[in-house]
Number of protein chains: 2
Amino acid sequence: MARTRASDHDLQREEILEVAARAFAARSYPGTSMNDLAQACGTSKARLYHYYPGKDAILFDLLERYTGRLIAIATREAAAPGTPQARLRQLIHAFLAEYEHSQTRHIALLNDVKFLDPAQREPILAAQRRVVELFAKAIGAAYPQRVDDINRTALTMLLFGMINWTFTWLKPDGGGRLSYADFAQLVEAVFMRGMQGLPARADAEVAGAVRSTH
Amino acid sequence: MARTRASDHDLQREEILEVAARAFAARSYPGTSMNDLAQACGTSKARLYHYYPGKDAILFDLLERYTGRLIAIATREAAAPGTPQARLRQLIHAFLAEYEHSQTRHIALLNDVKFLDPAQREPILAAQRRVVELFAKAIGAAYPQRVDDINRTALTMLLFGMINWTFTWLKPDGGGRLSYADFAQLVEAVFMRGMQGLPARADAEVAGAVRSTH
DNA sequence: CCTACCGATCGGTAGG
DNA sequence: CCTACCGATCGGTAGG
């Protein structure tokens, strides 16, 4: 046998997570029973309990893996070459590319974190905060004169709002006339042009003026 | 007695809806039992069943009233005086003002429509489509040269994305430094400036040219 | 005689 | 890794 016991175990868990993400997205976490999951997996409830100690462990593993992937993408793009604006553009495109094939996991992340107990919920929320922070940094670096402590979070959530709920209307792989890549282009155009329209910070101008007179 | 039987009945139902919206927002529809609702209302389950024939009827009444309010707002703003751009600006502000004090109902609308059976779900979805359509019309009227059949839905959902998930991060009434009205200003600035950056439609330009040469 | 409820419990099913 | 179950709780309804 080529595959070891451990790797097979992991493969089984991945299949369970795939099915669970679909079920949680369709009926939510409390609306999905372990019997639902067993049936969707074509197996028994007892078999599920062999791979995971409980329903919550399935949700936690699912969300931990997914948020880990989002952090990896955001971290990778933050270290990419090019100008800050080019990096922000790449970040938008990279996230929408990920969202295109992670719809069910994304829905579970947005709707079901609240059903984890605090000890499991906290690391997931921390990961989400980390992703938001990486976006905030990317926006601030691209538009240093437009972003301040007051509008920083709002601008970040405004950009997230544009891309984070595509699953509600945009289907993957050419269901409609507009692809995820097309939409990324549109988000980039509207957001980045929109940022240029914001008033420049007074202190940013002063800092520049001070620097230029010394 | 000043209050009639009917109006008292209606008052009771409104109080139930208020509590139910809070519960559904916090724990989702399937995660909320009739016992939970009864306890939160400080009453008995039997009393709940006196006012509503079932749990689903509570969710339906809640969502029907809320979507009705959203349609009323969008319809009112569509008929307001001023330029198309001023109307779009007013529409953004009016929706964010509504969202500020409808957070729990809004969460229930976004997460729990799927738990209604098809006969009850369809009118709610139709109402949502109506709201989207009114926004699409407002955007198209404000920027006739930037909107076409391909980007119309995407631009509408992009604007909805900016405002529709404020409940995830923006708290009502000055919890933070940024108010809902401030955020509406920011959305207006970024979106409307962003729209100006989109390429003008070829046929729109041609139509204008044709008109000017005749 | 109806409405507006009550305490108690129905038949089934949840996670484990 | 299945069958046979558990304590508890689900949405909904009985009699009075």
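Computed from a predicted structure; not experimentally measured. Just so we're on the same page: letters track the sequence lines, and every chain starts at 1. For the numbers below, each heavy atom of this structure counts, side chains included, while hydrogens, waters and symmetry mates do not.
To the nearest angstrom, P of D:dG11 lies 16 Å from CG of B:Asp117. Rounded to whole Å, atom P of C:dG15 lies 5 Å from atom NZ of A:Lys55. Rounded to an integer number of Å, the gap from CD of B:Gln12 to C1' of C:dT3 is 13 Å. Atom-to-atom, OH of B:Tyr52 to C1' of C:dA4 comes out at 16 Å; the value is rounded to the nearest Å. For B:Phe115 and D:dG11, the CZ to P distance is 13 Å, given to the nearest whole Å.
Here ring-ring contact (aromatic ring centres under 6.0 Å, His included) pairs that include residues 69-92 of chain B, with residues two or more places apart or in two chains, number zero.
Paired with A:Ser102 under the rule side chain to side chain donor-acceptor pair (under 3.5 Å), one option of A:Glu98, A:Glu100, A:Arg105, A:His106 passes, and it is A:Glu98. Between A:Glu188 and the choices A:Arg193, A:His93, A:Gln85, the side chain to side chain donor-acceptor pair (under 3.5 Å) rule is met once, by A:His93.
A:Asp173 and A:His101 form no side-chain donor-acceptor contact under 3.5 Å, judged by distance and modelled atom types alone. In summary, the side chains of A:Arg130 and A:Thr75 do not present any donor paired with an acceptor at a separation below 3.5 Å, with no hydrogens or angles considered. With 3.5 Å as the limit, one finds no donor-acceptor pair spanning the side chains of A:Tyr29 and A:Asn111.
Remark: the separation of the P atoms in C:dA8 and D:dG12 is 22 Å, to the nearest Å. Taking atom C1' on both nucleotides, D:dT9 is separated from C:dG11 by 13 Å, rounded to a whole Å.
By the 6.0 Å and 45° rule, A:Arg13 stacks over the aromatic ring of A:Tyr52.
In this structure a side-chain-to-backbone donor-acceptor pair under 3.5 Å is missing from A:Arg27 to A:Thr32.
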Pairs counted as Watson-Crick or G-U wobble with both distances under 3.5 Å: what dot-bracket string results for DNA chain D, using | for bases tied to another strand?
.....|.|.||.|.|.
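Using a 4.0 Å cut-off on heavy atoms, the residues of residues 35-51 of chain B that approach DNA chain D are B:Asn35, B:Lys45, B:Tyr49, listed by number.
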